[in-house]
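Because the structure is predicted, anything quoted here is derived from the model rather than measured. Here is how names work: the chains are called A, B, and so on, in the same order as the sequence lines, proteins then strands, and each is numbered from 1. Every heavy atom of this structure was used, including side-chain atoms; hydrogens, water molecules and symmetry mates were not.
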There are 2 protein chains.
Amino acid sequence: MKNTRNTIAKSAILELIKNSEVALSHAEIQKMNQELCDRVTIYRVLDRLVAEDVIHKIATPDGTIKYAACHHHDNHHHTHNHVHFSCEKCHSVTCLDSVEPSFNVPKNYLVKQVNFTLSGLCPDCI
Amino acid sequence: MKNTRNTIAKSAILELIKNSEVALSHAEIQKMNQELCDRVTIYRVLDRLVAEDVIHKIATPDGTIKYAACHHHDNHHHTHNHVHFSCEKCHSVTCLDSVEPSFNVPKNYLVKQVNFTLSGLCPDCI
DNA sequence: TTTTTAAATGCAACAAAGTTGCGTTTTATT
DNA sequence: AATAAAACGCAACTTTGTTGCATTTAAAAA
Ligand SMILES: [Mn+2]
Ligand SMILES: [Mn+2]
Ligand SMILES: [Zn+2]
Ligand SMILES: [Zn+2]
């Protein structure tokens with residue numbers, strides 16, 4: 001992988017994501033960031049953090065992309081095959097690391113990743 | 001529900017979606033349609049077809065929204081809780097109606113819909 | 001069939017989201 | 001301290017999605 005550097009913007013954005021209970025979108029990060037760095041830099045930092053496997057992308061049912069910190073259970077390879085919950089009302093997106101769905105892998109398809117999202121009402125909105 | 005009408009644009013767009021093996025995005029429909037109707041009309045027709053429960057939306061892992069025809073198994077209520085497959089290479093999105101995942105619904109959450117997407121390589125790209 | 005009414009459309013204008021190129025700044029190695 | 005390239009800001013651009021409004025059109029009513 002290409003050499004990456006630690007910058008103020010990168011650290012700040014990663015902290016925002018790590019400290020957040022819910023996954024954050026680019027727009028949300030931008031609002032929380034305001035004067036820290038340019039809009040474009042946020043896009044580039046997010047891409048870098050994803051490439052470095054420090055955060056992961058979550059596509060919500062309405063097509064919004066959100067970002068959440070990865071929880072490395074062991075030191076080596078980890079997957080993002082856990083379930084996410086997207087609240088219809090407050091639009092929060094949460095990782096449900098404990099929920100592990102089971103399914104039959106269809107023949108003729110090579111499954112590399114799974115992206116499971118439940119939607120409805122979160123505990124705060126129920 | 002509000003009265004809806006059958007128009008040339010609506011019929012044509014629905015045919016495109018019904019005849020397609022894979023789910024289609026707004027952009028793809030627009031290209032296939034070219035001179036049939038305005039860009040904005042496509043957005044409005046898609047919204048209408050979703051509201052009428054004739055097609056359903058699928059959010060792909062990269063945030064693109066695609067549309068696929070609903071398969072009503074019985075005459076009455078039906079769900080969209082089946083799995084979708086998104087190909088990394090050709091970006092095709094397919095409904096895998098037969099795959100039925102099982103999982104434990106987390107406490108304190110009210111689950112209304114599930115959106116399960118597998119990604120990797122489709123049979124054509126394997 | 002003709003009239004009527006509201007749904008649907010096209011168009012223009014706008015807003016939001018994401019991308020690209022490039023000159024400048026900054027990180028981290030030498 | 002000097003160096004190299006990663007990262008940045010900024011401007012310009014493309015793509016995607018939304019809104020208002022005058023006009024057209026589908027379908028119900030007369
Ligand atoms: Mn997650
Ligand atoms: Mn489907
Ligand atoms: Zn909520
Ligand atoms: Zn494919």
What about B:Arg5, does its side chain sit under 3.5 Å from the base of C:dA6 through a donor-acceptor pair?
yes
D:dG17, D:dA11, D:dG9: which one has an atom nearest the side-chain heavy atoms of B:Tyr43?
D:dG17
Can a side chain N or O of B:Thr41 be found less than 4.0 Å away from OP1 or OP2 on C:dA8?
no
Would you kindly give the CG-to-P distance between B:Asp38 and C:dA8, to the nearest whole Å?
16 Å
Between P on D:dG17 and CD1 on B:Ile42, what's the gap in Å once rounded to a whole number?
11 Å
Without swapping roles, check the side chain of B:His26 against the backbone of B:Arg39 for a donor-acceptor pair under 3.5 Å.
yes
Length of the line joining B:Glu35:CD and C:dG10:P, which is rounded to integer Å:
11 Å
In this structure, are over 12 heavy atoms from other groups packed under 6.0 Å from A:Asp47 atom CG?
yes
For the pair made of CD in B:Gln30 and P in D:dT14, what is the distance, rounded to whole Å?
16 Å
Return the orientation label for the B:Phe85 and A:Tyr109 ring planes: parallel under 30°, perpendicular over 60°, tilted otherwise.
tilted
Could you check how far CG of B:Leu46 sits from C1' of D:dT16, rounded to whole Å?
13 Å
When the distance from CD of B:Glu28 to C1' of D:dT16 is rounded to whole Å, what number comes out?
14 Å
Between atom CG in B:Leu49 and atom P in C:dA8, what is the gap in whole Å?
10 Å
Under 3.5 Å, is there any donor-acceptor pair linking the side chain of A:Arg39 to the base of C:dG18?
yes
Drop me the distance from B:Asp53's CG to B:Ile55's CD1, to the nearest 0.5 angstrom.
10.0 Å
Select from B:Asn6 and B:Asp47 the residue whose nearest nucleotide in DNA chain D is closer to the 5' end of that strand.
B:Asp47
Kindly write out the residues that satisfy salt bridge (Lys or Arg N to Asp or Glu O under 4.0 Å) with A:Lys112, not counting sequence neighbours, or none if the list is empty.
B:Glu88
Taking only side-chain nitrogens and oxygens of B:Thr7, does any of them come within less than 4.0 Å of OP1 or OP2 of C:dA7?
no
Can you measure A:Arg48 atom CZ to D:dA5 atom P for me and round it to whole angstrom units?
17 Å
A:Ile65, A:Val45: one ILVMFWY side-chain cluster at the under-4.5 Å cut-off?
yes
Angle, rounded to 10°, between the helical axes spanning five pairs at each terminus of the helix from C:dT1-D:dA30 to C:dT30-D:dA1?
40°
Looking for any heavy atom pair under 4.0 Å, which part of the strands does B:Val40 touch: base, sugar-phosphate only, or nothing?
base
Does A:Arg44 get its side chain close enough to the base of C:dG18, under 3.5 Å, for a donor-acceptor pair?
no
Other residues, nucleotides and ligands only: do more than 12 of their heavy atoms fall within 6.0 Å of CD on A:Glu15?
yes
